[in-house]
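Counting convention: from 1, in listed order, for ligands and their atoms alike.
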Amino acid sequence: MQTTFIFLKPDAVQRGLIGQVLERFERKGLSFVGMKLVQVSEDLAKQHYAEHAEKPFFPGLLKFVTSSPVLACAVQGPNAVAVCRTLIGATNGQKADPGTIRGDFGMSGANNLVHGSDSPESAERELKLWFTEAELVAMSKSANDWIYDPSDLG
Ligand code: IDP
Ligand code: MG
């Protein structure tokens with residue numbers, strides 16, 4: 001089992017797409033083990049996107065993610081990091097495959113609805129940055145007995 005970090009960006013929340021975006025993860029068979037609305041501070045945005053500090057789009061990215069609340073989520077499942085990245089799709093909505101969240105809902109390379117950690121190491125760092133341990137729950141779902149074969153769980 002792996003836990004990854006996603007957040008629904010201000011565009012997804014403002015466009016009223018929380019339900020439709022969360023449904024993608026839920027119906028796939030992943031479990032939410034943490035969820036909260038956050039008005040992102042400049043400091044949190046800078047720490048979260050530190051790897052992009054030198055990019056020309058960084059100031060615009062900070063302005064965007066701090067512009068309106070986001071929905072922060074911890075998502076659990078086998079290979080959750082890679083599975084979530086696949087569900088989310090390529091960075092630019094114009095290039096993202098149909099069937100992905102960005103491919104189905106977006107046309108922008110900036111306002112692209114949802115963030116997902118890009119590696120297990122990033123997931124660990126980002127989960128610590130956004131959630132306290134007390135905000136994450138232990139989740140055992142009986143439906144998992146039907147979604148997964150024991151061999152899927154390693
Ligand atoms: P990712 O979200 O697909 O991992 P990254 O390259 O890590 O993409 O970029 C982080 C975020 O920065 C993107 O999701 C997007 O919101 C924004 N971004 C990335 N590239 C550009 C760009 O060329 N112009 C404007 N915004 C960008
Ligand atoms: Mg990234």
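Proximity of V33 to V137: side-chain heavy atoms (C-beta onward) are separated by under 4.5 Å at one or more points.
For atom 3 (O) of ligand 1, the nearest protein heavy atom (residue, atom name, distance) is T91 OG1, 2.6 Å.
Residue-ligand proximity: E51 is placed with every non-hydrogen atom at 4.0 Å or more from ligand 1. For N112, the closest heavy-atom approach to ligand 1 falls below 4.0 Å. Residue contacts with ligand 1: Y49 is included, with a non-hydrogen atom under 4.0 Å away. Residue contacts with ligand 1 leave out H115, since none of its heavy atoms falls under 4.0 Å from the ligand.
Contact annotation: for H48 versus ligand 1, there are no heavy atoms closer than 4.0 Å. Within the 4.0 Å heavy-atom criterion, neither part of K55 lies near ligand 1.
Under 4.0 Å is where a charged nitrogen must lie from a carboxylate oxygen, and between E121 and R125 no such pair does.
Identified under the salt bridge (Lys or Arg N to Asp or Glu O under 4.0 Å) test for residues 135-154, with sequence neighbours left out: K36-E135.
Residue R85 has at least one heavy-atom neighbour below 4.0 Å for each of these atoms of ligand 1: 1 (P), 4 (O).
Using cut-offs of 30° and 60° for the angle between ring planes, the W130 and H48 rings count as perpendicular.
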